[in-house]
Trainee: 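What follows is a structure written as structure tokens; I'll ask about it next.
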Amino acid sequence: MRRRTCWALAAVLLAASAGCGLTSGSPMVDDVEPGTIGRGKPLEGADLTVTSKEFTEQLVLGAIMGIAFEAAGAEVLDRTGIQGSVGTRAAVENGDADATYEYTGTAWITYLGNSRPIPDPRQQWEAVKEADAKKGLTWLPPARLNNTYALAMNQANYKKYRTKNLSQVAELAKSDPGAVTLCVEGEFANRADGLPGLEKAYGMSLPARNITQMDTGIIYTQTAKGACTYGEVYTTDGRIKSMNLVVMEDDRKFFPNYNAAPMVRTATLKKWPAIASVLDPVTKALTNDVAQTLNAKVDVDGEDPHEVALDWMKERGFVKEG
């Protein structure tokens, strides 16, 4: 029997409880057996709680983690869907949850208070791992999945301007100032790691009339329509693929790396060290392309995040139907 989660309701309940510790959640009851992971059921006897933030990609990643634990023999409590990053982090830190997929850039900047990201993704992860070891948190090896900012354009504008990276966008802004129009979120328009920093890093100075602020979802549709030449996007958003947008390479490595990696409570990992070997093959398989595909199944096709995660785990052979 396939499990269907009432994830929207769970997100509301968890958001309400996040401020005073997690008090809700439901058991994962997927009928799965080991495939290429979890053989011998090394987590049998473990009671593990997984958590995540409330947005699509996090709900999918939380389900993927929980399903991996189930296949390895653990009993899993689903506490995914917490509103905001801070509540998710706190849940693992204080023992209300055992593990989550977190982003290296979020930890480095938001949790650990650094203002400058580390350009090399591996070094960024290593720095986060070292700092969080003192806080009772262990970071397992990261995925190639990097959910960071980018600028994207539709196919018609790409054929017209042929920009492939942000340096070329900056050159276009100088040679044809009216060509570079942006659709961005209000937060991105004002953050140091958003548009102001981007302009400084690439030597751009865009006039205010060339910049339109709008909600995230509208950015994608307006960019696809060509209402603006470039739109601010997240690199793993499923709408990039579904709308056939072209993402500009950040060739000067301005934007922080937000690689997803398992963040596990150290006490839990010491008790159940097999967690690392169970998750490692799954994490290695997570790329931007995979994330875009899975996210689109939820955001574009309307599928349930848990079902999307379960289908992918089976398709990749990580787990089998029980």
Trainee: State, yes or no, whether a side-chain contact exists between Leu77 and Met28 at a heavy-atom distance under 4.5 Å.
Mentor: no
Trainee: If only side-chain N and O atoms count, and only distance matters, is there a donor-acceptor pair under 3.5 Å linking His306 with Asp30?
Mentor: yes
Trainee: Any heavy-atom pair between the side chains of Asp132 and Thr266 that's under 4.5 Å?
Mentor: no
Trainee: Quick one: which residue pairs count as a side-chain hydrogen bond (donor to acceptor under 3.5 Å, both in side chains) with a foot in residues 216-238, not counting sequence neighbours?
Mentor: Glu57-Thr236, Asn147-Thr236, Thr163-Tyr230, Thr181-Thr229, Glu185-Thr216, Glu185-Tyr234, Tyr220-Asp237, Asp237-Arg239
Trainee: Under 4.5 Å between side-chain heavy atoms, counting indirect links through other Ile/Leu/Val/Met/Phe/Trp/Tyr residues: same cluster for Leu294 and Ile240 or not?
Mentor: no
Trainee: Is a donor from one side chain sitting under 3.5 angstrom from an acceptor on the other, for Thr293 and Lys241?
Mentor: yes
Trainee: How would you list, by chain and number, every residue that makes a side chain to side chain contact (heavy atoms under 4.5 Å, CB included) with Asn259, sequence neighbours excluded?
Mentor: Thr104, Pro121, Pro142, Asn146, Asn257
Trainee: Within the structure provided, determine whether Pro117 and Phe254 are in side-chain contact (heavy-atom separation under 4.5 Å).
Mentor: no
Trainee: Val184 and Ala189: which non-hydrogen atoms are nearest, and at how many Å?
Mentor: CG2-CB, 4.0 Å
Trainee: Of all the heavy-atom pairs spanning Ala224 and Asn154, show the shortest one and how long it is.
Mentor: O-ND2, 3.2 Å
Trainee: Does any pair with a residue in residues 271-285 pass side-chain hydrogen bond (donor to acceptor under 3.5 Å, both in side chains), and if so which ones, sequence neighbours excluded?
Mentor: Tyr101-Thr283, Asp280-Lys284
Trainee: For a quick check under 3.5 Å, do Asp299 and Thr56 share a side-chain donor-acceptor pair by atom type?
Mentor: yes
Trainee: Any side-chain heavy atom of Met204 sitting closer than 4.5 Å to one from Leu198?
Mentor: yes
Trainee: Who are the side chain to side chain contact (heavy atoms under 4.5 Å, CB included) partners of Glu93, not counting sequence neighbours?
Mentor: Arg89, Lys135, Leu137
Trainee: Starting at CG of Asp98, measure out to OG1 of Thr100 and round the result to the nearest 0.5 Å.
Mentor: 11.0 Å
Trainee: Just wondering, are more than 12 heavy atoms of other shown residues or ligands nearer than 6.0 Å to CD in Glu75?
Mentor: no
Trainee: Considering non-hydrogen atoms only, spot the tightest contact between Glu70 and Val32 and give its length.
Mentor: CB-CG2, 4.0 Å
Trainee: Quick check: is Val300 connected to Ile219 through a chain of hydrophobic side chains (ILVMFWY, heavy atoms under 4.5 Å apart)?
Mentor: no
Trainee: Roughly how far apart are Tyr258 OH and Thr106 OG1, rounded to 0.5 Å?
Mentor: 5.5 Å
Trainee: CG/Leu48 to CG/Leu43 distance, rounded to the nearest 0.5 angstrom?
Mentor: 6.0 Å
Trainee: Do other residues, nucleotides or ligands put more than 12 heavy atoms under 6.0 Å from Arg162 CZ?
Mentor: yes
Trainee: First locate atom CG of Asp31, then atom CD of Glu321, and finally report the distance between them rounded to the nearest 0.5 Å.
Mentor: 5.5 Å
Trainee: Side chains of Trp312 and Val282: closer than 4.5 Å at any heavy-atom pair?
Mentor: yes
Trainee: Heavy atoms, side chains only, cut-off 4.5 Å: are Ile109 and Ser115 in contact?
Mentor: no
Trainee: Applying a strict under-4.5 Å side-chain criterion to I, L, V, M, F, W and Y, I'd like to know whether Leu195 and Val169 cluster together.
Mentor: yes
Trainee: Would you say the side chain of Cys228 lies within less than 4.5 Å of the side chain of Leu182, judging by non-hydrogen atoms?
Mentor: no
Trainee: Roughly how far, to the nearest 0.5 Å, is the CG atom of Asn210 from the OG atom of Ser205?
Mentor: 10.0 Å
Trainee: State, yes or no, whether a side-chain contact exists between Tyr103 and Lys53 at a heavy-atom distance under 4.5 Å.
Mentor: yes
Trainee: Is there a path of hydrophobic side-chain contacts, each under 4.5 Å between heavy atoms of I/L/V/M/F/W/Y residues, joining Phe55 to Val233?
Mentor: no
Trainee: Hydrophobic clusters here meaning ILVMFWY residues chained together by side-chain heavy-atom distances under 4.5 Å, can you tell me if Met243 and Val298 are in one?
Mentor: no
Trainee: Measuring from Gln155:CD to Lys160:NZ, what's the distance to the nearest 0.5 Å?
Mentor: 15.0 Å
Trainee: What ring pair (Phe, Tyr, Trp, His ring centres under 6.0 Å) pairs are there with at least one residue in residues 158-209, not counting sequence neighbours?
Mentor: Tyr149-Phe188
Trainee: Mind checking ring-ring contact (aromatic ring centres under 6.0 Å, His included) for Trp139 and listing every partner two or more places apart, or none if nothing turns up?
Mentor: none
Trainee: Check Lys320, Lys41, Arg39 against Glu33 for a salt bridge (Lys or Arg N to Asp or Glu O under 4.0 Å) and give me the one that passes.
Mentor: Lys41
Trainee: Could you go step by step and tell me if Asp78 and Thr80 meet the side-chain hydrogen bond (donor to acceptor under 3.5 Å, both in side chains) rule?
Mentor: CA-CA 6 Å; Asp78 181 353; Thr80 56; 2.6 Å; yes
Trainee: Check whether the side chains of Thr88 and Thr51 place a donor and an acceptor atom closer than 3.5 Å, and report yes or no.
Mentor: no
